[in-house]
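Values below: every heavy atom of this structure, side chains too, minus hydrogens, waters and symmetry copies. A note on names: the letters A, B, ... follow the listed sequences, proteins ahead of strands, and every chain is numbered from 1.
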Amino acid sequence: MAASNLELDRWIKKISLGDRDALEKLYHATRPAVYAYALSITKNRFDAEDVLHDCYITVWNSAGSYRPQEKPLAWIMTITRNLCFKLSRRQQRYVSLEDPNRYCREGTDPESRLLVESCMKLLTEEERQIVILHAVAGCKHREIAEMQKLKTGTVLSKYHRAIQKLRAVL
Amino acid sequence: MRMKNKIRRSFNSAAPDVLGSVLQELPEQKSAPTARPMPTSPKTSRFREFAATAAALALLISMIGGTAWYFDNYSGPDTGNTNPTAPTGDPGITQPSDTTPPNEPLRDIYVEDLDYWAENILYPWYLRDFDYMEPEVKTPLSTVCTDSVYVLKKTMGSYSYEFHFDAWYGNLVAILVVGGSDNTVNSFIPESVAKAIALLNMGDYENNFSSQLYKVTIQLVRTGSSGYYCISITSETELYIRPYYINARTGELLALGDEVEPGYTVGPVPTEDTTPPDGLIPEDMAIEFALEYANVDEANIIACYFQMDVMGTPVYWILFDDGTYYYEITMGAYSGEILAFPTPVLMDKATLPDGRISDTMALQAALDFLGISKEQAEQIICTVETDQYRITLEYLETHFLFTVNAYNPTDITCEKYEATGATPIQARNYALDYIGTGMENVSFLRIEQDMGGEQDNRGFLVEIVTEGVEYQLSLDHYGVVLSSEKFDVGVNPDESRTDIIGWRAARDILLDSWGMTLDELTFFRYRYVTSENYPDRYEIYLDESYGASGIIVAKNGEAFYENETYNTAILTVDAITEIAMMDVSQEIRENYGAGAYAECFMITQVHYGSGVREGSIQLYYEWSLYADGLWVTYHVDAFTGEILLRDINVSDLLTDLFDEWGSWYNMALTCEFENPSTLKLSRFFYNGFPDESQTPTDEERAALQAAGVYWEEADLIRLPSGKMDDILIQYFGITLAEMDESCFDGLTYLESTDCYYMMHTDAICVEGFSIEALETLENGNLAVQYTSSRTGINVWYMELEPWGTGYQILMNFPFLYRD
């Protein structure tokens, strides 16, 4: 994710003032991270898509309550996480376990599909979230440790172990 | 391509694009107010012009019962009420000629959005300092929409405040302070209101209330029964400080001080000499007049002061009580004229006029209930809620919550909580009690614990779904339910099925397989999943990170994992734990000797995972523990108990070793060397031997003084060479004799004592040791890339050789410079 925290902060402030362009910029900068994080919790792409959509609506509605000194990405990820839980307790979705597109939409290139599916199947929940937060969202290990309430060393070791698992099959 | 980039690219490719639908569904009007265009006059000139008129204006607009302070030429709310009348004619601001709303008021704050606006825009951005209003942002505010302004009203104590906002742009244009009826000694407007009034008078729409650009200090100056706030505001350029003097009772701007240079302490309003002049009414006569005026025969005189009031008038301030009421009188010190006689205030011990008991009586009822005195209780908080008092206090490590009927103190209830705060499980149980259900019926549970900030701000958010109803409960630190919201979410369709086992039965199967019980759950979630080939299954999660989870076949209750179906005869976590414990005990004994014991082990987490074995899926437990600083992870076959993988991870151990302030490992981080023989000794031993007393003798001091390396003001660090050798061998595998000559720079050696010496006045250490990468080299050494307070954002490289129960440090130097 190329956007810095400062840029994200600025965009959120502008969003609170009703700036749609800022929302688009924020969306492009954070979409993969939000989707990946949502997918890691919901474990199916349909729910993850819903969360992705709802996340940016929530960001639009809640930007006014965001404090600039907070970590913007952590804020967005918290929204994502809460939406996942909200979805899971309010909506029953019937998921086909053998649906080949359970994790990826149709048209996803085979290499990406393999990697995403490996992430979903081979990694534990915690490992998957750490990998996504670091590799996709661009969070530092220290920030992830704070978000996940783990020690930095634990995050580091889990991340490396997860990468080793993925390397073994890719 | 690196794996990290591959992952990022893959999820980027897999993520759908929903921007179109997002933009389509964005609500139109839930946006912040657009700031009104700034006046064109330069800020400084406006200050100066405003200053010239402000004090005079302030004296003109004091109203009976209230005072409004308007910024700009805002002409006041069009309510038909002439109170208050706004000041006009501020020479620094251009009066808008057209006061009708814009033709296309796209940014209007509509009435229906007002609550949203107040909560999401007003307080976070404009009234950030108004912390006393934030917790009750919605309910106590009544909203009034007029043609031109919105008025937010707030009553607090004996005061009411009105905040007037431009209805078109949402800018704060006025604060109205309606004085309380009980002008008692401590009845002043809050600092936050006074501060806002001062900032409002500065007149910078965009920046005033974000508090980013201005430094504000505030001081209450008591003047007898009255007082004023002295508020100094440092400009954004910090070229000058401007003092504002705000009447602490009315919010009136009394005076605007001259600009002063930063660094100058802004004092109170200069008043005349307060020495009692001749011709004054004697104090006893003043008291007599006061009692007579109050129609009180006998009184307890609490205070009688002569002083200058805020306008420089000599007055007596007399405070007394007659056993029932407090009286407060301000009297002209020469004339004896009564200048102020606020309504007497009922003393605490009496009953309130409306028949309610006082808070003192309510508290006493609570104390009597416990049979303790007020001095024995701690953290007493007493609040009144219409017809009942809510009293919390701590006594003997227990937190008590009392509810006392405000009309009948014998009608009292008491609840007890752990004063140390509730655990998540306790919070869950309090929430369940509140709802009136048990864990058995909970189909979704999530507990969020906020441990940040002060104790008052800590607490729990507990989300529970039971019988088709979702509850969101907010609990305080002790587990007391503060608020509760309820939503109808409907019963899940699978609950009406009779041909499959229910989710409760499925849950119990999974609980059994994990050796867990309902009582220990802080998270629970299930989902009914189905497909053509794998119909009727439950996905169940027993902890939030899904460490304990599984799929249960709903038809026959079999535990199901991925693509294989197994019966439930898998080993329990307890059994797996026992196997791993036995193994690690052996490991510890082999490496650390027979004396090492397993009792110190602490299981930190238990995972359930899957791996590939001979083409089929294999079940295993991923099991981690801490043992003597080692982080050991096991994969244990869930059926056979066979240990499949044992990964001893040292990153945590290293962090513990190197992050310990002032330890020898930590001191090594202060040194840069590629070979221990070049280690700078004066740096490594900079703190001396902290655990030992190495007091130099007078002879040593004299010898060092003679050598010109001793001065009394500094600490003399004494380093016996034998001890230095011991440390160097242990941590670097080297002795002093093997070290380069340059290593001894900064040290003075005395042959007579065989010690090295150095002098300084401080100590050093490295903080924030954080491993970036860790690798075991072919020779068994550890290669560590790390950052710390010494390295900053740059990365240093360190190579460690396992030695005894720790490591020897072979090298430590900068490795990667970052921009």
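Interatomic distance, OG1 of A:Thr78 versus CD of B:Glu448, reported as 8.0 Å (0.5 Å rounding).
For the pair B:Tyr528 (side chain) and B:Ala554 (backbone), a donor-acceptor distance under 3.5 Å is absent.
The contact between A:Cys119 and chain B is made entirely by side chain atoms (from C-beta outward), counting heavy-atom distances below 4.5 Å. With a 4.5 angstrom heavy-atom cutoff, A:Leu166 touches chain B via backbone and side-chain atoms both. Residue A:Leu114 does not touch chain B at all, counting heavy-atom pairs closer than 4.5 Å. With a threshold of 4.5 angstrom between heavy atoms, A:Leu123 does not approach chain B through any atom at all. Using a 4.5 Å cut-off between heavy atoms, A:His28 contacts chain B through its side chain alone, with no backbone atom that close.
Within the 4.5 Å cutoff, the side chain of B:Val18 has no heavy atoms near those of the A:Arg31 side chain.
Taking the six-membered ring for Trp and the full ring otherwise, the centers of B:Phe769 and B:Tyr786 sit less than 6.0 Å from each other.
In this structure, a donor-acceptor pair under 3.5 Å is absent between the side chains of B:Asp17 and A:Tyr35.
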